[in-house]
Protein chains: 2
Amino acid sequence: MFGNELSERKRLILKAIVEAHIEGGDPVGSKYLMENRNITCSSATIRNEMAELESLGYLEQPHTSAGRVPSELGYRFYVDSLAQEYAMTAREIEEINKLLKMKMTEIDQILVMASKVASAITNYTGIAIKPRRSNVTIERFEGFAIDSRSFVLVMMLSNGSVKTRNVRVDNGISTETIGRLTTLLNSYVSGLTTDGITLPIIMDLEREMGGDGELISPIIKSIYEVMNEIDSGELKLSGLDRLLQYPEYADTDRFREMLGALEKKDEILNLVSEAKDDDINVIIGSESAVKVMDHSALVFKPIVKNGKTLGAIGVIGPLRMDYAKVLATIAGLSGRLADLINENSLTDGEDKNGRKGI
Amino acid sequence: MFGNELSERKRLILKAIVEAHIEGGDPVGSKYLMENRNITCSSATIRNEMAELESLGYLEQPHTSAGRVPSELGYRFYVDSLAQEYAMTAREIEEINKLLKMKMTEIDQILVMASKVASAITNYTGIAIKPRRSNVTIERFEGFAIDSRSFVLVMMLSNGSVKTRNVRVDNGISTETIGRLTTLLNSYVSGLTTDGITLPIIMDLEREMGGDGELISPIIKSIYEVMNEIDSGELKLSGLDRLLQYPEYADTDRFREMLGALEKKDEILNLVSEAKDDDINVIIGSESAVKVMDHSALVFKPIVKNGKTLGAIGVIGPLRMDYAKVLATIAGLSGRLADLINENSLTDGEDKNGRKGI
DNA sequence: GTTAGCACTTATCTTTCTCGAGTGCTAACA
DNA sequence: TGTTAGCACTCGAGAAAGATAAGTGCTAAC
């Protein structure tokens, strides 16, 4: 889409600068490029090219007598042109397979574990995301008595997860009443979104329950609670400490700002919720409207099953993150996860492809 | 228990030093004490006393020409002698009441919310803890079919929480089989700890299930998973970013080390699991064996219901945290939480004491 | 036991200086 | 027209030096 206006040599130089900067973190100069990056022309020529690349917006100069640093546009060019895949080492594949062997059955745990692995392999911070899902409904209700004064309400949601709430009933409740209650809930409330549960419906429920009508109010409250829980998404970080080893986060204020935003988590969740479903998404600095990301990059991929987005895993790190490695890691991990999730009938230490270990 | 060897004046001076240091964060000198802290003797006398307090281990001197700073022992003295309670402001009480009005029913959520409030009030980092509980058992099993090939296994645990797992059965499963299965589980497995579920028991189960014996293995796996989940405790932080505003965490390496340890979380969980149940626990720096805490302090209180520890809330911050305020906050919060948990039958915006708002 | 006074210590802050990497520009060259 | 060598210039990083001031320990007087 862009980068077409660049000559072959400019591309080569730009790529070399990005890679050098990713490795070292320092601004890179013309002489260095000539000597260590196989650019076959003189430093003066490189300087000329660099000046042009800067005026085109691909490079930046921290100050007059420093080398160049890629701009966000520069990184974008690099990421978009990343053709050669990073080959995972045996150790990294091993790590992923170890994860798969654990065969957890709960999607939450799987995502968190995967993000931990991603963090370990890439040495950046891993994130596990359950996106907002505003259209989740409760498909089915069940209930059990715990004792004469409380029971467990089990709710099966349209996204496949199951939630429970303890409900306490001061006046006592019988098994028979619980049965009546769940039948009612199943016919009146199942399939509705939060907005769908209107006052008339609640009143109907209360009427139908007759003498036990006062039960309804706390139950509706529980239902709202559960649906809000799903609705609001989740964001879990792992290996946050790793970021601190990069000089770009040495400035405590910057790190603090980011931490605060990650804790609020709305912005990141929005970002992910709006993402294209089946691609790896790479968000570079201020490309997104999320202010906090200004000096960081976020790479993530949604995990999809039967067309439904169950969550996402990703990596967050400095602008100059090792995109080749990160992209390969996320691609590899998410591929395996998809296998694991779509086909959780694997039975032993072998994965679907019959490959073992390594 | 100690501090008795100190003269009244020494105590006064020590207390003044701790408070001054908590406020400002800088080493405090003799002249400052005389002029701003109402110590009614000359700076020379104060210097003499300070020298003695130092040799007794209550104070430390960063370098020769600096003032004194409390040692961990000094803080310990201060905390132990904290008689005057910090009075909560109306705003802070308001904050707590807001929390109570939300009336969440799930203990996890309650703890996390409480730790958020604690963090907001004290301006340190809040922590919500579910301690390890190695003696939890599953009290009761129930199951529902989702479709012909999978069902939900509901487990009610001895600590009152309820867990569910989705189990997939490739050969299909009938409602009747599920009923048989849960009956079996209830008679063979309920009440057992992980260690109690021995191979013979598993084999019995398989035998009893006859043709559906292959069901048992994934179910046992789910059971282990759930019990391990409970077993391993949980630790959630809130307001981590707040810590970064204190100069003691300006050193990125130190903060990083702490972050890493909080992420591993075992050590902190041990600490909490071993704590006295009904006290506010104050752990000052290296008093604990937890290395990470070397330059930090942890204040927490277990939340107990019917003699069982459900969790704990607390605050983590620099050694020079405002102990008076933190202790009062945690005491206030945990008191209210206990009310909320032991009596979750409150019905509207008024709390148990009939007090409203403020 | 307390206090005034004084010499001494030492972190911190500012200023100054040097060093070197890297640039832009000009002029020569292919 | 595109490339390269050469050179003056810029500017940040870091070291060195000096000034400042807070705070101490000690001695001697009260």
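Just so we're clear, the structure is a prediction, and the values are computed from it rather than from any experiment.
Dashed line: the shortest gap from a side-chain N or O of T64(B) to OP1 or OP2 of dT10(C) is under 4.0 Å. The shortest distance between the side-chain N/O atoms of T45(A) and the OP1/OP2 oxygens of dT4(D) is below 4.0 Å. OP1 and OP2 of dG2(D) both lie 4.0 Å or more from every side-chain N or O belonging to R9(A).
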Taking only nitrogen or oxygen atoms into account, show me every contact under 3.5 Å that the protein makes with nucleotides 28-30 of chain D, one pair per line with its distance.
none

Strictly under 3.5 Å: I want the nitrogen or oxygen pairs between protein and nucleotides 5-8 of chain D, one per line.
residue : atom : partner : partner atom : Å
dG6(D)  : O6   : R47(A)  : NH2          : 3.1

I would like to know whether L33(A) and V28(A) meet side chain to side chain contact (heavy atoms under 4.5 Å, CB included); could you show each step before the answer? CA-CA 7 Å; L33(A) 282 177; V28(A) 0; 3.8 Å; yes
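The residue from I127(A), I316(A), T125(A) that alone fulfils the side-chain contact (heavy atoms from CB on, under 4.5 Å) condition with L240(A) is T125(A).
With dT9(C), dT24(D), dT3(C) as the candidates, the nucleotide lying closest to the side chain of N48(B) is dT3(C). Distance from the side chain of Q61(A) is smallest for dT23(C) among the nucleotides dT10(C), dA21(C), dT23(C).
Y32(B) has its OH atom 18 Å from the C1' atom of dA21(D), to the nearest Å. Protein atom CG of N36(A) is 13 Å distant from nucleotide atom P of dA21(C), rounded to whole Å. Atom CG in L59(B) sits about 14 Å away from atom P in dG23(D), given to the nearest Å. At whole-Å resolution of the value, CG in D26(B) and C1' in dA11(C) are 12 Å apart. Taking atom CD1 of I17(A) as the reference point, atom C1' of dT23(C) lies 13 Å away to the nearest angstrom. Taking atom CD1 of residue I13(B) and atom C1' of nucleotide dG23(D), one finds them 15 Å apart after rounding to whole Å. Rounded to a whole Å, the CD1 atom of I46(B) is 12 Å from the P atom of dT2(C). The CD atom of E52(A) sits 16 Å away from the C1' atom of dT23(C) (whole-angstrom rounding).
Aromatic ring pairs are classed by plane angle as parallel below 30°, tilted from 30° to 60° and perpendicular above 60°; the pair Y323(B) and Y75(B) is tilted.
When only modelled atom types and interatomic distance are considered, T329(A) and T122(A) share no side-chain donor-acceptor pair under 3.5 Å. A side-chain N or O of R242(B) and one of S119(B) form a donor-acceptor pair less than 3.5 Å apart. In summary, the side chains of S296(A) and Y249(A) do present a donor paired with an acceptor at a separation below 3.5 Å, with no hydrogens or angles considered. A donor-acceptor contact closer than 3.5 angstrom links the side chains of S286(B) and E72(B).
Checked for salt-bridge contact, K325(A) and E92(A) meet the test: a charged N lies under 4.0 Å from a carboxylate O. Taking a cutoff of 4.0 Å between a charged side-chain nitrogen and a carboxylate oxygen, R254(B) and E248(B) do not qualify as a salt bridge. Residues R68(B) and E60(B) are not paired through a salt bridge, judged by the lack of any N-O separation under 4.0 Å between the basic side chain and the carboxylate. The residues E19(B) and K15(B) are annotated as salt-bridged, a charged nitrogen and a carboxylate oxygen being separated by less than 4.0 angstrom. Salt bridge annotation for R37(B)-E23(B): present, with a cationic side-chain nitrogen under 4.0 angstrom from a carboxylate oxygen.
A stem is defined here as three or more consecutive Watson-Crick or G-U pairs, each with both distances under 3.5 Å; for DNA chain D these stems are C:1-30 with D:1-30.
Take the nearest nucleotide of DNA chain C for H63(B) and for A51(A): the residue whose nucleotide is more 5' is H63(B).
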